[in-house]
Amino acid sequence: QEMEDKVISPEKVEEAKLKARYPHLGQKPGGSDFLRKRLQKGQKYFDSGDYNMAKAKMKNKQLPAAAPDKTEVTGDHIPTPQDLPQRKPSLVASKLAG
Amino acid sequence: ADIISTVEFNHTGELLATGDKGGRVVIFQREPESKNEPYNQGEYNVYSTFQSHEPEFDYLKSLEIEEKINKIKWLPQQNAAHSLLSTNVVFSFKDKTIKLWKITERDKRPEGYNLKDEEGKLKDLSTVTSLQVPVLKPMDLMVEVTPRRIFANGHTYHVNSISVNSDCETYMSADDLRINLWHLAITDRSFNIVDIKPANMEDLTEVITASEFHPHHCNLFVYSSSKGSLRLCDMRASALCDKHSKLYEEPEDPSNRSFFSEIISSVSDVKFSHSGRYMLTRDYLTVKVWDLNMETKPVETYQVHDYLRSKLCSLYENDCIFDKFECAWNGSDSVIMTGAYNNFFRMFDRNTKRDVTLEASRESSKPRAILKPRRVCVGGKRRKDDISVDSLDFTKKILHTAWHPTENIIAIAATNNLYIFQDKVNSEMH
């Protein structure tokens, strides 16, 4: 009698893990939504109009603070100048030059 | 210091340029070898630094434009080595703007002007009684960097590569959906040579990930896609090279297909061999060598870190699966190199089929010490000094590496540190 060993590829195991955690994940990762998000990647938006309106509306309330390690400011959170990453002054000498 | 985002040797290997996320370029120069100080021979020291790009704010679109330098490419040196002013020209680009810089050395200065005094002030002409010919006197080497051209507004999407043509007159820049051809002297116009933007963005299925001109044939270039294919295009065929001359694609095994298949097949870098006969591609788990004459599959495939296949779920969650690693050939096209995680980098010898894993970190490399090969253990017997897959540090990634054009010298960018390794034993190429 021969036992048939069925080897499941590690990739498929990982895929099953992912689908278990995110059941609403789309079938195809390479779809246009995914790629379009990739095209937008890295851009940070600051809308002065939204910012001023939010400031006026929430005079007495605390503005929702962004998580300290978040690099993308999206959604309901209105970015404030403090939330945008600090710009390093360009006159700082590079350590490589030291 | 800022995170290094690109490393590139010039055509002779005498100069090494690095760009960082702060928009700064640092150029190193190799010290000429001298008999007096044999230990200092061939070491790289800082030659010049300058700010290439400033942070900008696009007021029209309320967009912050980051100043990170994506790539630096050198132009071949035009002037003779022993002239008064030797020039090197270098490109840098970030986001959507490409800048061309001219680097000039000055080691002599004229003295003895007739009309000006030592400080440059105009002389009282009544005191000038005779004429003298200014002479050139040696001075401390001064390196001047000036922006010569700014090629702006050629791209709607982020530029991922630039490549100088072998004709030394044109170069191309590629973004996610388009490739433009520029003339080095013309900044206000470029020709679009590839456009894969669909009429309806909902039909978008793949993007351009990297592109490069052929090293010898000025009419040929290649571009890679997020689906793992390569397209070789001939500019003689038509003005718009949407139709490829050759399509290089490895057929996929449908039974092995998973959610991750397409993501890990995306080509993050493509490099022609120095011979022009082969192309090297890097995708998430492998490096592949393609023969220009064979479109059906690569001629060689090397596993960079196959043990990550069983970690794809978490690598997708922490975005590491989208990391873009570069790859490099050595000068004789016999060895290929690419970076990995945990500050490891890998080298594959195409002839002996041997490979090695090395580490770029302060703890493991003292100056002039020999690098010890590292090993990642994947279960089973674990030797001393092995690292297990679960202890790998995925924040320490070596994305950018460069190999000297002729010698066994490599430059490795590990986050914000630059490592230069030399193979003193085998300094000749095999």
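Below, read A as the first sequence line, B as the second, and so on, with proteins coming before strands; counting in each chain starts at 1.
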| field | Greatest number of heavy atom pairs closer than 4.5 Å to chain A - which of B/Ser310, B/Pro198, B/Ser314 | value | B/Ser310
Which atoms form the tightest heavy-atom contact between [X] and [Y], and what is the distance?
X	Y	result
A/Lys17	B/Cys313	CB-SG, 3.9 Å
B/Asn256	A/Ser9	OD1-CB, 4.3 Å
A/Glu15	B/Phe259	OE2-N, 3.0 Å

| Residue B/Leu315 versus chain A: region with a heavy atom under 4.5 Å | neither
| query | In terms of heavy-atom proximity below 4.5 Å to chain A, should B/Ser48 be classed as side chain, backbone, both, or neither? | reply | neither
| field | Among the listed options A/Arg21, A/Glu11, A/Glu14, the residue most often paired with chain B at heavy-atom distances under 4.5 Å | value | A/Glu14
